[in-house]
Amino acid sequence: MPSGEYDPDTVEAKWQDRWVDDETYAYEGDVENPDTAFSIDSPPPTVSGSLHWGHVYGFTLQDFVARFNRMRGKDVYFPFGYDDNGIASERLAEDELGVRHQDYERREFQRMTQEVCEQYEAEFTEKMQSLGISIDWNQTYQTISPKTQRISQLSFIDLYEQGREYRQRAPAIWCPECETAISQVETEDDEQPSHFHDIAFEVVESDSIDADETFTISTTRPELLPACVAVFVHPDDDENQYLVGEEARVPLFDQEVPILEDERVDLETGSGIVMCCTFGDQTDIEWYQAHDLDLRLAIDESGTLTDVAGEYAGLSSEEAREEIVDDLEEDGALLDRRAITHTVNVHERCGTSVEFLVKDQWYVELLDKTDEYLEAGREMDWYPEKMFTRYKNWIEGLQWDWSISRQRSSGIPFPVWYCEACEHVVLAEKENLPVDPLSDEPPVDACPECGHDEFVPEDDVFDTWATSSLTPLINAGWDWDVEREEFTFENPELYQFDLRPQGHDIISFWLFHTVVKCYEHTGEVPFDSVMINGMVLDENREKMSKSKGNVVAPDEVVSKFPVDAARYWAAGSAVGDDLPYSEKGLRAGEKLLRKLWNASKLVESLTEDAPAEFDHEDLTQLDRWLLASLDREIERLTGRFESREFSKARDGLRGFFWHTFCGDYLEIAKQRVREGGDASAAYTLEVAHRRFLKLFSPILAHATEELWHDMYDDGESVHHSGWPEPLGVDADFEAGETAMEVVGALRKYKSDAKLSMNAEIDRVEVWGDVSGFEADISSVMHVEELETLDERPAVESVVTGVDLDYSLVGPEFGSQVSAIDDAIEAGEYETVDGELHVAGVELEPEMFEIEEERQYLGEGEMVEAGDAIVIVHEEA
RNA sequence: GGGCUCGUGGUCUAGCUGGUUAUGACGCUUCCCUUACAAGGAAGAGGCCGGUGGUUCGAAUCCGCCCGAGCCCA
């Protein structure tokens, strides 16, 4: 029985433990009847040791959907994935164990990583459980596990066999210090001192160019001269326009390269003419792709110059730079050398300037099927709908296929070998997966193409998105059935997934790639619906980031506020909109918890003798009115949960509970029960209260569970108690509304008269239909004698103006509306037979309403109550 | 630089298929200890709906431009 103050610390921890121990949220898994499952494909967070507040927000929104559907009788599949297949966890393992991944066989290092991650995963689990998210803890997976590796490799093989993958040479970002490829997100900008070298290039003699014509190029990297493949001039650069279409001769190395024009030339830097080398920076790569330039690879993996550099081959790039500068000077080609600082791309981990290398890389073909992928996106329901635009724009802006190769030493390997002689691709057998070609043998003894018997293993690994994009397949147990020679699902009833949650920042990567891959593997769009969540901002509406130091730690919040208060906060904005962290929002949640708790204590004390059954026909007007109003609220609320309008669901339910139930109804009902043992009221209180607990349960998961067990059923969780259906009770809504307005008017009267709310009032007259509610009004407002008037009391009405219905007047009279307004303002109008004659036109009765102020001249004091009139008589 | 989204009292928001009185909550002011709750109740103040043009009889709402914020891409 609820008593005293609500103690969330104890209550929440108790239920979190019990939910886990009792497996309250376990997925039953009825494969027979796929319609009962409601499956969620929740993107797994990166295991790096801490969950941030954004995770809490995202998971809480998913939990609203999960709990609502569970209440509606669905068998909810809510899994949890640990994303430990990535750079973050690789580094974690290296740091914790004091090792380098290069020193281990890939599989072994992954086992070590998995072990290190286990501790962090346990922490994740504990934290998620302490947030009360209704995850089924029997359904977890790790992206580094052999099972996931198998699925990733199966995916690769399937796409290859479908002809959706190809291999091509392309630039990769390379750290010469770590001797590894890195992704663009692992680079950062760094200001470094350097030198600008002004170097004279000769123009190759032609019909329009004389033999000794030269121009100047400014570069910080003269060692890249041997890699120069073109020279660029800006289209707006009138002075140098004559060079476009000619050829330039590179000093010292003498290769002749085209002079082209391109808008990406920075006119402000150096001479405004720039050389393009393969590759010095990102722009060089763009030029290479845009202008179909040659490749001249002058620097290798270790930062050493190659044979392309002729006599400089074998030197490090620093050594080569110095020698080349010296030789240029000797030749007279070095016109100037000056110190500058400039921004360079460095590896965030070691600070070394990155190089661009050209590597063979695997691609998933996308560009030929963008229309289909767009259509696939359209087949899903988007919450909110507007976020589909981002998916659409992303697809429409695609310019390259998806590169899935990463030249890293750990990660999930490509299950591929190449024939040493003819480069024929040999794939692993599906039943043998996962494999690592670096340690495992290919499945054939000789090349099926040329018969050669030596193979080169592919040493690249998959881009992590290539694995992250398979979570629906991981969850549904996708696998290759050797007997039947087809792909199968262990839990086919889960696919398509009913809900895919996703942050709006990664729609383009995570969601898009997942849709593409699953669509290609199954021929079906993986998700029935997508729910996009916004970002959590700090209290000043700024993005949370470690460097700003404005990150909110979940632990801190939860130690200060109840988890249910955080859940209340999370329901505070439209899905898809960013939400600022707000302690005020959390406090509002606490207030609601307190209100619910206190109201429940009261209901408990009033319903001890409540009958289990009561014919609804025999309930009093007020009781039927309350239940019928609750019916309406349930319908509204259900619709809002269905359309994932959590904020409206929350505020609507809160308002109804707080004002209508606690404010209007409970005040009356408690007197009826206390003073007369009213069974109708006691029954209604209990029915309504049970329903409120169910309705609040998706949001206030802990408090409702505690109250439910205390008051109604210690055996079953409120979260499995079933969503209430409307009772279909008949009621006179209008009379009920009027009665509540009369009560409100009497409260205002007392407030204005500085009377206490339980002060007695001698006599009240009411004009207006409150039939059936008279006794309720009297008892709650302590009215000795309440009289309803059949006739409108003698009220003197003073016309104060005319209220036009512009939605009718506007279309009818158009430009005359302002004249009508002016005439009314000036009082120049009259009513004739119900019509309003004004400014030379006649308005129909439905177009206007005469506004009047009512003054009561009789005895007692008049209080307005909407359309009703209340007259208070005090004997004094 | 390009695309998308957002901008409403001090704060967070509803409304945004155009209709004149802009919703609710938090905070604030005044009053009320009424035995569920004073962390409650009643009343009240506070917004020219980011700015600026336009469409219209009428714009928070539709359109153009500008400013600011967030995200993605370059």
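By convention in this document, chain letters (A, B, ...) are assigned in the order of the sequence lines, proteins followed by strands, and residues within each chain are numbered from 1.
Here A/Lys648 pairs with A/Glu645 under the salt bridge (charged side-chain N to carboxylate O under 4.0 Å, His left out) rule; sequence neighbours left out. Residues satisfying the salt bridge (charged side-chain N to carboxylate O under 4.0 Å, His left out) criterion with A/Glu396, sequence neighbours excluded, are A/Lys392. Residues meeting the ring pair (Phe, Tyr, Trp, His ring centres under 6.0 Å) test with A/His709, sequence neighbours left out: A/Trp15. Partners of A/Tyr57 under the ring pair (Phe, Tyr, Trp, His ring centres under 6.0 Å) rule, at least two apart in sequence or in another chain, are A/Trp569. For A/Arg654, the salt bridge (charged side-chain N to carboxylate O under 4.0 Å, His left out) criterion is met by no residue, not counting sequence neighbours. Under the salt bridge (charged side-chain N to carboxylate O under 4.0 Å, His left out) criterion, A/Asp401 pairs with no residue at all, not counting sequence neighbours. Legend: residues meeting ring pair (Phe, Tyr, Trp, His ring centres under 6.0 Å) with A/His702, ordered by chain and number and at least two apart, are A/Trp19. Here A/His291 pairs with A/Asp262 under the side-chain hydrogen bond (donor to acceptor under 3.5 Å, both in side chains) rule; sequence neighbours left out. Partners of A/Phe696 by ring pair (Phe, Tyr, Trp, His ring centres under 6.0 Å), not counting sequence neighbours, listed by chain and number: A/Phe657.
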Legend entry - Sequence-aligned protein contact record of nucleotides 33-39 of chain B, with B where the base is within under 4.0 Å of a protein heavy atom and S where only the sugar-phosphate is: -S-BB-B

Using the 3.5 Å cut-off, write out each protein N or O paired with an N or O of nucleotides 5-10 of chain B and the distance between them.
unit_1: B/C6; atom_1: OP1; unit_2: A/Lys386; atom_2: NZ; d: 3.4

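Residues A/Val557 and A/Tyr581 have side chains in contact (heavy-atom distance under 4.5 Å, counting atoms from C-beta outward).
B/C4 atom P lies 17 Å from atom CG of A/Asp578, rounded to whole Å. Atoms CG (A/Leu579) and P (B/G70) sit 16 Å apart, rounded to a whole Å. Atom P of nucleotide B/G24 and atom CZ of A/Arg636 are separated by 14 Å, given to the nearest angstrom.
RNA chain B lies under 4.0 Å from at least one heavy atom of each of the following residues of residues 810-817 of chain A: A/Gly810, A/Pro811, A/Gly814, A/Ser815, A/Val817.
Residue A/Arg587 places none of its side-chain N or O atoms closer than 4.0 Å to OP1 or OP2 of B/U11.
B/U52 and B/G7: their C1' atoms are spaced 15 Å apart (whole Å). Spacing of C1' atoms, B/G19 relative to B/A60, comes out at 13 Å, to the nearest Å.
Of the candidate nucleotides B/A14, B/C4, B/U21, B/U21 has the atom lying nearest to any side-chain atom of A/Asp803.
For the pair A/Arg650 and A/Tyr568, the cation-pi test (distance below 6.0 Å, angle within 45°) is passed.
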